[in-house]
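Chain A is the first sequence line, chain B the second, and so forth, proteins listed ahead of strands; every chain is numbered from 1.
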Amino acid sequence: MRNPTTIEPVPGRTDEMIINMGPQHPATHGVLKVVIGLDGERITRAVPHIGFLHRNHEKIEEARTYTQIISYTDRMDYVSGLQNELPFILAVEDLLGVEVPPRAKLIRTIFFELFRIASHLVWLGTGMLDLGAITPFLYTFRDREKILEITEKTAGARMLPNYFTFGGVRRDVHPDFFKDVAAFLDFFETRLPDYYALVLDSPVFQARAVGVGVLSKERAIARGASGPVIRASGVPYDVRKAEPYDAYPELEFEIPTREEGDVYARFWVRFREMEESVKIIRQALEKVPKTGPYKGKVPPRVKPKPGARYRAVEIARGHLGAYVVSDGSEYPARIKHRSPSFANLQLIPDLFVGARFADAIAILSSLDPVFGEVDR
Amino acid sequence: MSRMPLPTERLVQPRLVGYDPTRPKPWLERIAYALFFSALWVMVVLAYGVVPTVFRHYGWLKSPLGFAAYAVIEAVLAFLLAAVVALILIVVLRKYLGKVQERVGPMHYGPAGVFQTVFDALKLLGKEDFAPRRVDWLIFRLAPAIVFVSAFLLMVAIPVAPGWLIADLDVGLLYIVAVSTLGAYGVVLGGLSQGNKWGLLGAFRAGAQLVSYEVPLAIALLSVGVYAGSLRFVDIVEHQYGLWHVVPLFLSFIVYLVASIAELKATPFDLPEAESEIVAGYNTEYSGMSFAFFFLAEFVELFLLPGFMVLLFFGGWHGPLFGLDPTSFAAGLLQSFYFLVKVAVWVWIFLWIRATLPRFRDDQLMDLAWKGLLPLSLVGLLVAALFRMFLEVL
Amino acid sequence: MSLFAEVWDAVKAVAAGLETVHRRVKQPPATEFYPYKKPEIPPVSVQFLALIQNEDGTDRCVACLQCERVCPSQVITIERKRNPEGKGFVLERFDLDFANCMHCANCVEACPVSAIVTVGEFEHAVYDINFLKADKAFLDHIGHEAKIWYSPKFGVEMRTPEGKIVKAPPEMQPGGLAELLKEAEGGEGA
Amino acid sequence: MTELRYKKTTEFDEEVYAVHPEDYRALLEALKAEGFDYPRSLTGMDTGYGLRVVVHLYGIESGKKATVFTDVPYDDPVVPSVTDLWPGLEWFEREAFDLVGIRFAGHPDLRRILLEEDWTIHPLQKRYDTGGYPLPDWQPAPWPETPPWEEPQASEEGGEA
């Protein structure tokens with residue numbers, strides 16, 4: 001029987017080598033398999049296969065109560081765990097009609113942006129590891145550790161904190177929280193120039209990244225790409241501006257965009273996003289009241305009224321949506337998580353074909369997929 | 001037992017093995033590394049200084065038996081030296097990468113982990129040397145040997161002090177070009193014979209890269225030969241009294257620096273074994289001691305290529321002698337020490353570059369070799385020839 | 001000339017990178033020497049869960065089954081019987097399968113009497129997955145060993161050397177900021 | 001668009017179109033022409049009486065949001081594919097086919113995406129339990145007398161069976 005996950009050789013063509021990249025390849029950031037046809041070092045065909053990490057969250061969640069589901073949403077994009085809770089919570093809050101106190105909104109926003117920095121740091125480290133530089137990896141993970149420590153002090157866990165909840169956050173922040181976050185921002189701003197020196201300004205990196213994996217504006221929109229990928233192609237689409245949630249309407253920030261659409265532009269956009277996150281957190285730290293309610297009034301048994309709601313947030317990888325269909329009972333009728341990496345990975349055939357094999361690695365790391373979220 | 005053990009019932013309690021890394025003793029570490037360095041020095045003195053001097057002094061080299069004994073002894077010594085060099089450089093590399101990456105690196109075996117590689121080597125010796133069924137067995141087994149032998153043969157040509165050398169070759173420069181090219185064969189054959197597509201890709205890349213960079217490397221060496229008027233290392237080093245070659249032959253030096261990093265297959269030119277792209281390249285299917293031979297050869301070359309650079313451009317063993325007779329044994333000790341220190345500095349720079357830069361792409365690598373380094377090396381050759389002409393005229 | 005300018009820029013950028021890397025040599029390592037030096041885990045951290053008993057050795061747990069109900073992974077199994085002496089229930093069996101636990105702390109959140117709590121203890125590693133099935137004796141033991149623990153109802157609590165259970169000072173409490181600010185204001189007023 | 005059979009309501013801040021399955025593609029073509037160029041999501045779900053496709057659209061320029069859904073019966077769950085309008089929905093349609101069992105007519109490459117090729121069931125249907133086994137006493141609900149795209153007398157649209 002033909003293995004359904006390979007591609008057939010072209011009859012009469014002997015110069016094409018078909019090679020399986022993954023699911024256990026070092027550069028696939030998890031369990032992606034791309035079947036690649038290689039002509040020398042040039043890619044002639046690329047067929048991605050996903051699903052190696054599929055757990056059918058959506059079916060499991062139909063058998064869980066709304067409160068229990070929050071801890072499952074964490075497990076989608078485990079690199080930016082806390083961010084994944086928000087679209088589901090926003091959708092259920094809409095259905096419940098819960099009012100979120102402003103302090104809770106600001107705390108959520110601070111955590112949300114902290115996790116964006118954390119996630120981008122992981123991306124930066126592993127992306128540079130793919131390009132052959134080991135040192136930035138160690139630096140970024142050390143910086144990320146500080147965010148995780150801050151999170152652990154307040155939320156009780158490092159990567160998958162299960163901290164947001166309907167109507168606010170689960171518990172009040174630790175007394176040191178605001179001080180710690182401010183200290184981290186000061187520290188992080190001293191580290192950013194180092195990353196610029198090691199990555200964006202490095203001529204070797206520029207040689208690898210400029211003009212590689214160019215994605216046009218039209219293609220990016222049509223393929224449903226989101227996050228830094230679409231913004232690097234010149235589309236200023238950011239859910240934080242398009243449909244603001246939490247405290248974002250009151251905060252000022254830019255959406256960094258770049259027209260080139262190549263790997264360098266995607267790296268650049270993520271770098272600038274980290275700077276914008278620092279700005280956002282600083283504003284939020286100024287605005288947030290030191291004390292006050294951290295959670296709105298939510299009934300002990302969460303039973304939204306029948307209806308359906310789609311809400312989206314801008315996580316580190318892009319547009320993460322949650323479509324919640326309630327039938328009025330304690331259990332949801334259907335939950336769909338629209339994950340950004342899932343849509344972004346559709347670009348693999350577009351971007352890989354015609355590139356060199358080493359470029360494919362750079363392109364993949366610039367797409368920054370996380371497979372917990374792709375396969376769900 | 002059917003229930004979870006309580007923390008107090010744990011069978012394995014954490015205990016320290018040897019050195020306590022939580023309480024570092026900087027002086028102990030420094031002494032350990034100084035001892036390591038002096039072990040290297042002693043090996044160098046034995047292999048290059050004592051044994052050849054003794055054999056030449058007593059004229060044993062003239063008899064066939066004496067020559068055979070000399071060859072065997074030197075082979076054993078050079079092998080030990082290669083092993084010591086590799087063991088030291090691996091632990092230094094790991095320790096240095098640890099330092100610049102804000103971690104500690106190896107730390108358990110010996111003070112600051114100086115014996116880590118010894119235990120690593122023992123582990124590799126004890127491992128099963130596994131070969132998949134599809135490999136071309138003979139070539140698969142031969143390839144690591146070719147790679148190691150080519151690195152090993154290069155050690156013969158190095159002089160470390162006046163008169164301290166294993167073989168005084170009249171065509172030393174040609175010899176190292178020829179022998180180092182041999183190593184490329186081992187890498188390519190190893191990649192091709194293993195029946196693995198990643199190995200095949202690695203072999204392609206290695207073949208293209210090593211062959212390309214041999215050309216500018218050879219021309220850079222040639223320009224030194226032209227300028228110094230000899231292909232003998234001893235003559236070249238003697239020629240540098242007054243002015244090290246790095247000043248007049250700066251272009252050739254740059255070419256040599258870049259090309260030797262590429263020959264080492266080190267970042268930013270580590271494409272043949274780019275672990276994030278082609279898994280492990282040409283040594284994907286190697287394990288155990290076969291893998292260790294590739295590894296050993298790589299680190300021996302990490303010692304030898306800076307060594308040649310020091311000989312060709314940085315005045316070899318030149319250094320203040322404090323009025324000693326340059327041919328005496330004490331001066332030889334001092335001069336070999338200078339040589340080793342210069343090599344150590346260059347090894348450090350190589351490691352530094354390795355810790356900083358990402359990797360080039362294959363076509364950029366070729367572009368750099370053929371469009372950048374080759375013209376530059378030809379210009380360097382021209383410059384060397386012109387300088388030589390002026391020297392002749394003067 | 002532009003070629004030379006380009007090359008010069010590239011050399012400068014590489015030099016900047018090299019300098020950035022070299023600057024780190026003098027920094028102290030970030031490594032934590034874990035098995036020899038144990039990190040301090042805040043009591044809020046969801047690692048081991050424990051059952052807390054009162055100072056007189058009775059269970060805090062009232063067997064209300066709230067934790068069993070909210071557990072997303074359904075790892076808690078409780079058996080209870082009617083209290084023969086008074087009203088309410090008495091705990092007979094409390095099993096918690098740490099192998100399937102997803103450490104969401106929903107049970108801690110749900111507990112109305114702060115019987116199941118998070119403690120700073122975190123060393124889970126065992127050789128057999130069956131060892132991760134914890135029973136009441138084990139959870140009680142962890143609770144007895146714990147110096148400090150957290151539950152949303154009572155906040156962070158501590159066990160004094162004499163065995164008394166007291167509330168931890170506000171600077172250790174999540175949400176202790178309000179009390180700290182109030183204290184500071186009171187101090188200024190007095 | 002007058003002759004298309006659909007019903008438009010506004011929920012929260014987005015327009016919700018319940019559309020007859022035969023007019024599903026025509027409505028989406030019209031919406032695409034209206035400027036909904038960004039495909040946000042495509043969901044398949046089981047309503048108890050049939051399968052439902054929900055498409056979430058967004059206009060990058062206009063900032064408008066739209067949700068389109070249609071219901072198809074269990075025995076003939078075929079919906080025209082819209083991958084030529086929004087190529088980004090290609091994998092979403094494959095996922096809806098894989099997990100819910102909706103066939104998309106005209107999809108270029110309708111294979112399973114998350115599950116293995118040898119799966120025979122579509123696990124997100126209500127007739128299967130969480131482990132993927134058929135529920136013994138499951139019966140499909142009757143097809144509603146007023147489908148969501150018709151103007152009802154009583155119930156609000158989007159009501160579940």
Side-chain angles (χ1 to χ4, degrees), chain A residues 60-61 63-65 67-72 74-75 133 135-136 138-139 141-143 145-146 149 151-163 165 169-179 191 193-207 290-292 294 300, chain C residues 6-7 9-24 27 29-32 39-47 66 69-74 101-106 108-110 118 122 150-152 155-156 169-182 184:
Chain A
I60 295 171
E61 285 164 2
R64 298 285 184 274
T65 63
T67 328
Q68 288 174 349
I69 290 169
I70 301 176
S71 35
Y72 278 94
D74 265 341
R75 267 92 185 148
T135 308
L138 278 295
Y139 294 171
F141 270 65
R142 180 183 182 177
D143 294 359
E145 192 68 21
K146 292 190 185 290
E149 274 165 12
T151 314
E152 187 183 22
K153 238 172 160 178
T154 289
R158 293 152 54 82
M159 279 173 74
L160 313 168
N162 189 22
Y163 180 57
T165 187
V169 292
R170 260 165 215 272
R171 60 180 79 113
D172 209 343
V173 294
H174 194 273
D176 297 344
F177 176 69
F178 301 116
K179 208 172 61 197
R191 300 279 282 202
D194 292 359
Y195 297 138
Y196 274 101
L198 281 178
V199 182
L200 276 193
D201 298 343
S202 165
V204 184
F205 170 76
Q206 288 178 358
K290 288 280 179 285
T291 59
Y294 57 89
Chain C
E6 248 175 56
V7 170
D9 282 350
V11 169
K12 271 200 294 191
V14 169
L18 288 171
E19 193 270 330
T20 305
V21 167
H22 185 65
R23 199 153 10 99
R24 305 304 173 93
Q27 288 210 355
T31 312
E32 289 191 15
E40 279 190 18
I41 305 285
V44 180
S45 185
V46 192
Q47 312 283 347
Q66 285 291 322
R69 195 181 68 81
V70 300
C71 180
S73 317
Q74 294 156 2
C101 174
M102 62 201 275
H103 299 263
C104 62
N106 276 355
V108 180
E109 201 92 2
T118 57
F122 64 97
Y150 168 79
S151 66
V156 178
E171 60 265 22
M172 295 169 72
Q173 304 279 0
L177 199 58
E179 287 173 49
L180 284 176
L181 287 174
K182 216 180 284 171

Non-hydrogen side-chain atoms of [X] and [Y] separated by less than 4.5 Å:
X	Y	answer
A:Thr154	C:Val44	no
A:Glu152	C:Ile41	yes
A:Asp194	C:Arg23	yes
A:Asn162	C:Asn106	yes

Seminar exercise, completed: dist A:His174:NE2 -> C:Gln173:CD (nearest 0.5 Å) comes out at 8.5 Å
Exercise. Atom SG of C:Cys71 and atom CZ of A:Arg64: how far apart are they, to the nearest 0.5 Å?
Worked result: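 Answer rounded to 0.5 Å: 8.5 Å.
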For this session: Name the member of A:Leu198, A:Ile60, A:Asp74, A:Asp172 that forms the most heavy-atom pairs with chain C at distances under 4.5 Å.
Result: A:Asp172
Can you say whether [X] sits under 4.5 Å from chain A via the side chain, the backbone, both, or neither, judging by heavy atoms?
X	result
C:Pro170	backbone
C:Glu109	side chain
C:Glu40	neither

For this session: Measure across A:Ala197 and C:Thr20 and return the closest heavy-atom pair with its distance rounded to 0.1 Å.
Result: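 Closest approach of A:Ala197 to C:Thr20, heavy atoms only: CB-OG1, 3.5 Å.
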For this session: For residues C:Pro174 and A:Arg171, report the shortest heavy-atom separation together with the two atoms involved.
Result: CB-CD, 4.2 Å
Give a yes or no answer on whether the side chain of [X] reaches the backbone of [Y] with a donor-acceptor pair at less than 3.5 Å.
X	Y	value
C:Arg24	A:Tyr139	no
A:Tyr72	C:Pro72	yes
A:Gln68	C:Arg69	yes

Problem set entry | Interchain contact, A:Glu149 with chain C, by part (heavy-atom threshold 4.5 Å) |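 Just its side chain gets close to chain C.
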Problem set entry | Engaged part of A:Arg170 at the chain C interface, taking heavy atoms whose separation is under 4.5 Å | both
Exercise. Among C:Val70, C:Thr118, C:Val108, which residue forms the greatest number of heavy-atom pairs with chain A at distances under 4.5 Å?
Worked result: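 Among the listed options, the one with the most contacts to chain A is C:Val70.
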Exercise. Which residue out of C:Val21, C:Val11, C:Leu18 racks up the most heavy-atom pairs below 4.5 Å with chain A?
Worked result: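 Counting heavy-atom pairs under 4.5 Å, the top option is C:Val21.
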For this session: Using a heavy-atom cutoff of under 4.5 Å, enumerate the residues of residues 199-206 of chain A that contact chain C, numbered in order, or state 'none'.
Result: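 Residues A:Asp201, A:Pro203 are the ones that qualify, each having a heavy atom under 4.5 Å from chain C.
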